[in-house]
S.K.: 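Before anything else, here's the structure in question.
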Protein chains: 2
Amino acid sequence: MNIGDVAERSGLPAKTIRYYEDIGFIKPRRGLNGYRHFDEKELHKLAFIGRARSLGFTIEDCRSLLALYEDKERASADVKEIAKQNLKEIDAKIADLRAMHTTLTHLIEECAGDHRPDCPILKNLGEI
Amino acid sequence: MNIGDVAERSGLPAKTIRYYEDIGFIKPRRGLNGYRHFDEKELHKLAFIGRARSLGFTIEDCRSLLALYEDKERASADVKEIAKQNLKEIDAKIADLRAMHTTLTHLIEECAGDHRPDCPILKNLGEI
DNA sequence: CTTGACCTTCCACTTGCTGGAACCCTTATG
DNA sequence: CATAAGGGTTCCAGCAAGTGGAAGGTCAAG
């Protein structure tokens, strides 16, 4: 497979795949013309990374997960631990966003939204 | 006030304040020794930006808000519009995170978490 | 006089890509 | 055979929004 096929099948842009090679996730062989050639295994690895990224795992998380994925001796406890940590971070982000939501909603409600120059949103933001 | 005082009172790191000067948010005077000198107005502006940033407004949003904040002729409708747009984005982010949460929770539940090498999290991630 | 805290500038680095330029390779068509 | 489209390659620059660190100037206290 050339990079275009892998891009289509993995759902990742070709640019991103090259980037993932740069940072050492994959090492595809090269044809005589210099083109990258991918096998199914690399396709799976890329799909794996894509999924993990979309679940909010960082690149460094992916590195750990990939090491575990490839190591037949891996313990699922390790993976679970990483996932749990990730879940915690997701919860924290949700909490933050909810707080923002509440504050903003209040401000919007208080703001007349007509053309009067008095605006509680700006007022509130400027207070120390 | 020197930058340290402003940093403390606004809650922003000194580095960030210098950065905000770089990108044109503030233009503090300089003493003979080259030190920045801030007045209350700049302190308020910085606090304003800090609040807005923590509410998820981008730097560009802040630029608009600041322009409105400083313009006595501003219409609160404009501000409300920016805030509403922001609220929408916050909602979208929350929805995304909730989806991640659900998926991850399922995976974690299915994963034994003991030392057996079989792990549904990894399995699921690797599927195409 | 020296120490330590504070200030300055500048440059590099971060995360996770993305865009673009300039160029090579392959295949189909006139 | 020329050529044009549509792959592929490299490298360089840049995005947001700062952060870290080096090298050096300044100020107040002991």
Side-chain angles (χ1 to χ4, degrees), chain A residues 1-39 42-43 45-66 86 89-90 93 96 100, chain B residues 1-39 42-43 45-66 82 85-86 89-90 93 96 100:
Chain A
M1 277 178 289
N2 284 348
I3 200 165
D5 310 312
V6 183
E8 195 175 351
R9 290 184 60 191
S10 69
L12 296 169
K15 280 257 176 191
T16 301
I17 295 171
R18 292 195 193 98
Y19 172 70
Y20 286 165
E21 182 184 5
D22 276 358
I23 62 174
F25 278 152
I26 45 165
K27 287 185 186 54
R29 307 218 186 109
R30 299 299 184 117
L32 292 174
N33 54 11
Y35 285 22
R36 289 166 181 84
H37 287 316
F38 298 85
D39 55 24
E42 272 150 347
L43 175 56
K45 267 169 89 168
L46 287 168
F48 179 99
I49 298 166
R51 295 273 176 95
R53 291 283 305 121
S54 83
L55 280 173
F57 291 96
T58 67
I59 290 286
E60 283 318 303
D61 286 340
C62 289
R63 231 182 268 282
S64 312
L65 288 171
L66 216 48
N86 202 257
E89 280 159 27
I90 289 174
K93 280 184 200 165
D96 278 358
M100 285 180 203
Chain B
M1 276 177 289
N2 284 347
I3 199 164
D5 310 313
V6 183
E8 196 176 352
R9 289 183 61 191
S10 69
L12 295 169
K15 278 258 176 191
T16 301
I17 296 172
R18 293 194 193 98
Y19 172 70
Y20 285 165
E21 183 183 6
D22 276 358
I23 63 175
F25 277 151
I26 45 166
K27 287 185 186 54
R29 307 217 187 108
R30 300 298 183 117
L32 292 174
N33 53 11
Y35 286 22
R36 288 168 181 84
H37 287 317
F38 299 84
D39 54 25
E42 272 149 347
L43 175 55
K45 266 169 91 168
L46 287 168
F48 179 97
I49 298 166
R51 296 273 175 96
R53 290 285 303 119
S54 83
L55 280 172
F57 291 97
T58 67
I59 291 286
E60 284 317 302
D61 285 340
C62 290
R63 230 183 269 283
S64 313
L65 288 171
L66 216 50
I82 293 179
Q85 186 53 43
N86 202 256
E89 280 158 28
I90 289 174
K93 280 182 201 166
D96 278 358
M100 284 180 206

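We use all heavy atoms of the structure for the numbers below, so side chains are in, but hydrogens, waters and symmetry mates are not. Chain naming here is simple, since letters A, B, ... match the order of the sequence lines and numbering starts at 1 in each.
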S.K.: So, OP1 or OP2 of dA16(D): does either fall under 4.0 Å of a side-chain N or O from T58(B)?
M.R.: no
S.K.: What integer distance in Å separates N2(B):CG from dC27(D):P?
M.R.: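 Distance, rounded to whole Å: 10 Å.
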S.K.: Does a nitrogen or oxygen in the side chain of R30(A) sit under 4.0 Å from OP1 or OP2 of dT10(D)?
M.R.: yes
S.K.: Which comes earlier along DNA chain D counting from the 5' end, the contact point of R18(A) or that of Y20(B), where each point is its nearest nucleotide?
M.R.: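 That would be R18(A).
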S.K.: When you check the gap from the basic side-chain N to the acidic O, do E21(A) and K27(A) get nearer than 4.0 Å?
M.R.: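 Not counted as a salt bridge, because no side-chain N and carboxylate O are separated by less than 4.0 Å.
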S.K.: State which of dT9(D), dC17(C), dG19(C) makes the closest approach to the side chain of K15(A).
M.R.: dG19(C)
S.K.: Mapping Y35(A) and L32(B) onto DNA chain D by nearest heavy atom, which one lands closer to the 5' end?
M.R.: Y35(A)
S.K.: To the nearest Å, how far apart are F57(B) CZ and dG18(D) P?
M.R.: 15 Å
S.K.: Quickly work out the Y19(A) OH to dG14(D) P distance and round it to whole Å.
M.R.: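 So the two atoms are 18 Å apart, to the nearest Å.
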S.K.: Please check if atom CZ in R30(A) has more than 12 non-hydrogen atoms from other residues, nucleotides or ligands closer than 6.0 Å.
M.R.: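 Yes, the 6.0 Å shell around CZ holds more than 12 heavy atoms from other groups.
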S.K.: Is there a side-chain contact between M1(B) and R36(B), using heavy atoms and a 4.5 Å cut-off?
M.R.: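 M1(B) does not reach R36(B) side chain to side chain.
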S.K.: In whole angstrom, give the distance that lies between atom CG of D5(A) and atom P of dG7(D).
M.R.: 10 Å
S.K.: Is R63(A) salt-bridged to E60(A), going by a charged N under 4.0 Å from an acidic O?
M.R.: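 Yes.
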S.K.: Report yes if at least one side-chain N or O of R53(B) is closer than 4.0 Å to OP1 or OP2 of dG18(D); otherwise report no.
M.R.: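 Checking R53(B) against dG18(D): at least one side-chain N or O falls below 4.0 Å of OP1 or OP2.
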S.K.: When the distance from CD of E8(A) to P of dG8(D) is rounded to whole Å, what number comes out?
M.R.: 11 Å
S.K.: Verify the contact: side-chain N or O of N33(A) to OP1 or OP2 of dG8(D), cut-off strictly under 4.0 Å; return yes or no.
M.R.: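 Indeed not, no polar side-chain atom of N33(A) lies that close.
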S.K.: Using OP1 and OP2 only, check whether a side-chain N or O of R36(B) sits under 4.0 Å from dT8(C).
M.R.: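 For R36(B), the contact criterion (side-chain N or O under 4.0 Å from OP1 or OP2 of dT8(C)) is met.
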